[in-house]
K.L.:
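Next up is a structure, given as structure tokens.
Atom set for the values below is all heavy atoms of this structure, side chains included, hydrogens, waters and symmetry mates excluded.
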Amino acid sequence: MANRSPRFFTHVYRLVARVPRGKVVTYGQVAALLGAPRAARAVGTALRHMPLPLTKKVPWQRVINASGGISLRGDVLRAEEQRWLLEEEGVAFDRNGKVDLERYRWHGPRNWKAPAWDARLEKR
């Protein structure tokens, strides 16, 4: 999968790297900001396959699901790490494990323009 969409993945990493400390963004929001509003799962795939050196530069923990929760993805330890990292940044969780998106959501960079790319070209 990583070889099928490297440019999309790069756009995901660049955008997520701009999410400020103490803020969160949803998978769908990242996809929409990149001009691919139906690609929320691809955003998750990009983050799951992020090269190890980028994990220190791209704050992957700031991307959560649309209901304000952490997606488990079958890796409970990573979900615990994600919550711990967000709490260290001052992001609070309610008793149901949800983040108040009204309070913590980042709405994207000012004057943002989706990158010019054509998903059809990446399937070749």
K.L.:
Does a salt bridge link Glu89 with Arg62, judged by any charged N lying under 4.0 Å from a carboxylate O?
P.N.:
yes

K.L.:
In the structure I gave you, are the side-chain heavy atoms of Met50 and Val58 within less than 4.5 Å of one another anywhere?
P.N.:
yes

K.L.:
Please answer: with hydrophobic residues joined when any side-chain heavy atoms are less than 4.5 Å apart, are Phe8 and Trp60 in the same cluster?
P.N.:
yes

K.L.:
Honestly, is Arg41 close enough over Tyr27, meaning NZ or CZ under 6.0 Å from the six-membered ring centre and within 45° of the axis?
P.N.:
no

K.L.:
Are side-chain heavy atoms of Glu81 and Leu77 found at a separation under 4.5 Å?
P.N.:
no

K.L.:
Hydrophobic cluster membership, with links at side-chain heavy-atom distances under 4.5 Å among I/L/V/M/F/W/Y: are Trp106 and Leu86 in one?
P.N.:
no

K.L.:
To the closest 0.5 Å, what do you measure between CZ (Arg48) and CZ (Phe9)?
P.N.:
8.5 Å

K.L.:
Side chains of Arg83 and Phe93, heavy atoms from C-beta outward: is any pair under 4.5 Å?
P.N.:
yes

K.L.:
Do Val16 and Pro59 make a side-chain contact, defined as non-hydrogen atoms from C-beta onward lying under 4.5 Å apart?
P.N.:
yes

K.L.:
CG of Leu54 to OG1 of Thr10: how many Å apart, nearest 0.5 Å?
P.N.:
8.5 Å

K.L.:
Counting only N and O atoms by type, is there a donor-acceptor contact under 3.5 Å from the side chain of Asn96 to the main-chain atoms of Lys98?
P.N.:
no

K.L.:
So how far is it from Leu33 CG to His11 NE2, rounded to the nearest 0.5 Å?
P.N.:
13.0 Å

K.L.:
Could you tell me whether the side chain of Ile64 reaches within less than 4.5 Å of the side chain of Gln82, counting heavy atoms only?
P.N.:
yes

K.L.:
Can you tell me how far the CG atom of Leu85 sits from the CZ atom of Arg78, to the nearest 0.5 Å?
P.N.:
9.5 Å

K.L.:
Shortest non-hydrogen contact from Tyr13 to Ala46?
P.N.:
OH-O, 2.6 Å

K.L.:
Minimum heavy-atom separation for Ala31 to Ala40, with atom names?
P.N.:
CB-N, 3.7 Å

K.L.:
Side chains of Val63 and Val24: closer than 4.5 Å at any heavy-atom pair?
P.N.:
no

K.L.:
For the residue pair Ser67 and Leu101, what are the closest heavy atoms and their distance?
P.N.:
C-CD1, 4.4 Å

K.L.:
Trp84 versus Gln61: any side-chain heavy-atom pair under 4.5 Å?
P.N.:
no

K.L.:
Are Val12 and Leu47 side-chain neighbours, meaning at least one heavy-atom pair lies under 4.5 Å?
P.N.:
yes

K.L.:
Tell me whether Gln29 contacts the main-chain N or O of Thr26 through its side chain, where contact means a donor paired with an acceptor under 3.5 Å.
P.N.:
yes

